[in-house]
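Read through the structure below, which is laid out as structure tokens, and then see the notes.
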Amino acid sequence: QVQLVESGGGLVQAGGSLRLSCAASGRTFSSYTIGWFRQAPGKEREFVSTINRSGTWLTYGDSVKGRFTISRDNAKNTVYLRMNSLKPEDTAIYYCAASMVNSWQRGAYDYWGQGTQVTVAS
């Protein structure tokens with residue numbers, strides 16, 4: 001089992017940047033694929049990005065490609081999401097999640113954090 005805690009959210013102007021962190025507890029962190037998802041008010045939870053255990057497989061949702069970068073540091077039990085060129089439509093609660101399989105599908109993720117709010121002002 002793994003517990004996940006997100007941090008780094010906040011209020012930023014359009015065009016700005018933020019870096020989110022997903023810190024995990026448990027010795028098995030390096031066994032998990034970690035994904036980022038987001039949910040805006042009144043919308044479905046949306047896939048943002050994911051990274052496999054070794055960091056050799058990365059994928060991004062179409063709406064964030066070229067602007068967001070995912071990375072991980074297994075020694076620190078942490079996954080990062082660097083978000084550049086932020087837009088008002090990026091406003092959402094951002095969640096990280098852990099899965100034993102490589103997938104972008106929400107249902108493949110077994111463990112979820114509580115989320116961190118990102119608000120992009122126009």
Distance check, rounded to the nearest 0.5 Å: [X] atom [atom1] versus [Y] atom [atom2]?
X: I51; Y: Y60; atom1: CD1; atom2: OH; answer: 7.0 Å
X: T91; Y: Q117; atom1: OG1; atom2: CD; answer: 7.0 Å
X: T78; Y: R72; atom1: OG1; atom2: CZ; answer: 10.0 Å
X: F47; Y: W36; atom1: CZ; atom2: CH2; answer: 12.5 Å
X: N77; Y: S30; atom1: CG; atom2: OG; answer: 7.5 Å
X: N74; Y: Y32; atom1: CG; atom2: OH; answer: 13.0 Å

Is a side-chain N or O of [X] found less than 3.5 angstrom from the main chain of [Y], in a donor-acceptor match?
X: S49; Y: T59; answer: yes
X: Y94; Y: G8; answer: no
X: Y109; Y: C96; answer: no
X: E6; Y: G115; answer: yes
X: S103; Y: Q105; answer: yes

query = So with a 6.0 Å cut-off around CZ of R67, is the heavy-atom count from everything else above 12?
reply =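 Correct, the count exceeds 12.
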ask   = More than 12 heavy atoms of other residues, nucleotides or ligands under 6.0 Å from CH2 of W112: is that the case?
value =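 Yes, because the 6.0 Å sphere around CH2 of W112 holds more than 12 heavy atoms from other groups.
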Is the shortest side-chain heavy-atom distance between [X] and [Y] below 4.5 Å?
X: Y95; Y: L20; answer: no
X: D90; Y: M83; answer: no
X: N84; Y: S17; answer: yes
X: T50; Y: W57; answer: yes
X: I70; Y: V79; answer: yes

Indicate if [X] and [Y] have the same hydrophobic cluster label, given that clusters are the connected sets of ILVMFWY residues with side-chain heavy-atom separations under 4.5 angstrom.
X: Y111; Y: M100; value: yes
X: L11; Y: L18; value: no
X: V64; Y: V12; value: yes

query = Distance only, no hydrogens: is a donor on one side chain within 3.5 Å (strictly under) of an acceptor on the other, for T33 and N52?
reply =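 No donor-acceptor contact under 3.5 Å links the two side chains.
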ask   = Is it the case that E46 and S63 place a side-chain donor and acceptor less than 3.5 Å from each other?
value =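 Yes, because at least one side-chain N or O of E46 sits under 3.5 Å from a partner of the opposite role on S63.
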If you compare all heavy atoms of [X] against all heavy atoms of [Y], which two are closest, and at what distance to 0.1 Å?
X: T56; Y: S54; result: OG1-OG, 2.8 Å
X: Q13; Y: S122; result: OE1-O, 3.9 Å
X: C22; Y: I34; result: SG-CG2, 4.4 Å

Stacked cation flag R106 on F37, 6.0 angstrom / 45 deg =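 Verdict for F37: no cation-pi partner in R106.
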